[in-house]
Amino acid sequence: MTIWDAVTWLAVAILGPGVLVICVAVARDLRRLLGGAAPPPPGPPPASKR
Amino acid sequence: MVTAVMPSLHPVDLVIVALYLVAMIAVGVLLAGRVKAYQDFFLAGRSLTTPILICSLVSSYYGIDALIGDSGDASREGMVVWFTYGRPYTLALLVAALLVARRLRGMHALSLADLLGQHYGRSTQVAAAIASFVYALPVLAIMALAAMAEVMFGIPLWVGACLGSAVSVVYVAMGGAWADVLTDTVQFAVMCVSLALALPYVMAAVGGFEGVRATLGERAFAPLGTAPPLYTAAYALTAASVFVEPLFYQRMLAAREAAAIRNAFLWGILVWAAYDWATTAVGMAGGAMMATGALPADTPRDQVLLRLVPLYLPLGISGLFLGGCLAAAMATVDSYFLVAAGNLVYDIYRPLARRELEDRTLIRYTRGAMLLSAAACVVLGLYFERIKEAWAFTATILTSTLLVPTLASLFLPGRRVPLAGALASWGGLSVVVAVYAVLHVWGAPDLDLETRRMDVAGVTLLREYALFVAVPVSALGYLLGRLLGRCR
């Protein structure tokens with residue numbers, strides 16, 4: 001196995017299990033946001049009338 | 001017309017692809033009722049957290065154009081694609097994450113063009129919106145989708161382009177930024193996991209990198225490549241477009257807090273680098289297959305990935321990978337259609353109409369503008385022959401028009417001089433249009449580099465060199481405007 005093959009396996013680890021971990025965190029946040037459990041932050045003033 | 005390669009797609013693979021498409025449209029339908037205010041429609045209520053931003057940024061910025069385009073380039077040019085074309089973007093993203101994001105907090109803008117309009121005035125906002133609109137048109141993704149449809153099913157390019165646009169427009173027009181973000185999450189998972197699954201099979205088929213080296217030689221492993229240095233530098237410098245990337249500004253303005261966007265960029269850099277490596281490796285494997293005859297030696301570079309997938313991936317994985325290609329495309333197409341439509345309605349029509357528009361009117365107009373954007377996208381997509389040249393054109397337009405006035409507004413506090421912004425933005429835009437027009441009319445094809453060239457007094461001019469002229473002109477325009485203009 002060359003160093004490039006090792007880097008390839010690292011990329012597989014990031015794109016596979018790494019991405020799935022991120023998606024679990026997203027699912028948690030989306031459930032909270034779309035379920036309305038957490039109030040949104042205060043909104044900005046209205047946009048200019050330009 | 002290319003003869004269709006497939007019919008080796010199993011019905012199971014086709015069912016997987018079909019289910020994915022139906023699910024995306026269903027998301028748009030379900031979320032349509034939640035959209036009330038324009039801020040909800042365009043910025044998801046400014047409530048996006050770090051994990052959501054990671055998914056959305058990575059999947060939107062990297063589309064099927066990155067997958068097909070980079071792998072195709074790597075099949076011909078090797079590792080230069082990862083080292084020299086890709087890593088300048090990593091550096092630019094790092095700078096954007098650490099320096100730009102926090103300066104946007106407290107700015108009540110809906111887009112980059114809106115931001116520049118608040119700083120310099122209406123003229124700059126319109127120039128910025130035009131450049132942003134041209135760039136935001138997901139031409140590359142539509143071209144790649146059309147190429148995919150042509151290779152897979154023998155569908156004419158223009159039909160594939162129209163179908164690809166239509167599906168994405170449907171769900172984002174209904175659900176806005178929330179539909180965009182939610183589908184981005186699914187698309188992020190599918191595009192990354194499918195590539196992670198496919199990569200070992202493809203590399204095993206050519207004997208890993210040892211096999212690639214034995215077939216393609218050391219030339220394929222040169223980090224700087226073998227093209228003329230100035231040509232390579234021009235592509236590397238397109239990384240400057242990160243600082244004026246409309247999607248990034250839209251997401252930065254939609255973030256819940258500055259730390260969320262900074263952290264999303266930093267994690268995103270890791271995923272982007274891994275994705276880049278995977279597409280480069282697959283491309284180099286494709287190049288090795290072309291050299292040994294496993295793939296036709298004259299396979300067009302934008303078709304390398306699509307032709308090798310059905311040959312080496314098992315049942316189910318092949319369908320999932322195709323789903324990943326579609327996911328990569330649609331994650332980009334839907335996000336950029338939203339940005340492009342926002343440019344047309346909020347940044348060009350609204351300031352020129354000089355009247356306040358109700359939120360529901362803005363939403364209705366933005367949905368209509370998505371259809372206009374889709375039409376413009378199909379036309380541009382059929383004009384350019386390769387993904388790489390379409391990328392160079394749109395990135396050059398964006399960078400030349402926006403880089404100088406944007407960086408000045410963020411990092412040079414003090415006087416706001418409308419003339420400076422106007423001269424910088426319109427100057428840069430005009431130069432790019434002029435260079436491309438002149439080379440289109442009076443230039444000649446360069447078959448080696450696959451671009452257009454003109455030789456003037458012993459100097460070779462390529463289309464890609466427009467950036468080297470336009471950005472200095474933009475900077476000069478800015479300085480002139482500062483000297484001659486009046487403060488707001």
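When reading the values below, keep in mind they use all heavy atoms of this one structure, side chains included, and skip hydrogens, waters and symmetry mates. Residue numbers begin at 1 in each chain, while the letters A, B, ... track the order of the sequences.
For chain B, the nearby parts of A:Val7 are the backbone and the side chain; heavy atoms of each come within less than 4.5 Å. Interface residue B:Ile54: only side-chain heavy atoms are found under 4.5 Å from chain A. Neither the backbone nor the side chain of B:Met191 comes within less than 4.5 Å of any heavy atom in chain A. For A:Ile14, the part lying near chain B is the side chain, with the backbone staying farther off; criterion is any non-hydrogen pair under 4.5 Å.
With chain A as the partner, the residue from B:Pro200, B:Ala278, B:Ala281 showing the most heavy-atom pairs under 4.5 Å is B:Pro200. Listed options A:Thr8, A:Ile22, A:Thr2 were ranked by heavy-atom pairs under 4.5 angstrom with chain B; first place goes to A:Thr8. Note on B:Asp276, B:Leu270, B:Val193, B:Leu53: by heavy-atom pairs under 4.5 Å with chain A, the leading option is B:Val193. Listed options B:Ser194, B:Ala196, B:Ala273, B:Gly208 were ranked by heavy-atom pairs under 4.5 angstrom with chain A; first place goes to B:Ala196.
Ring geometry for A:Trp4 versus B:Phe83: interplanar angle over 60°, hence perpendicular rather than tilted (30 to 60°).
Of the possible donor and acceptor atoms, none in the side chain of A:Asp29 sits under 3.5 Å from a partner among the backbone N and O of A:Val26. Side-chain atoms of B:Arg213 do not come within 3.5 Å of backbone N or O of B:Glu218 as any donor-acceptor pair.
At a threshold of 4.5 Å between non-hydrogen side-chain atoms, the residues B:Tyr62 and B:Val271 do not count as touching. B:Phe221 has its side chain within reach of B:Val212: a pair of non-hydrogen atoms, C-beta onward, lies under 4.5 Å apart. Counting heavy atoms from C-beta on, the side chains of B:Leu67 and B:Leu195 come closer than 4.5 Å.
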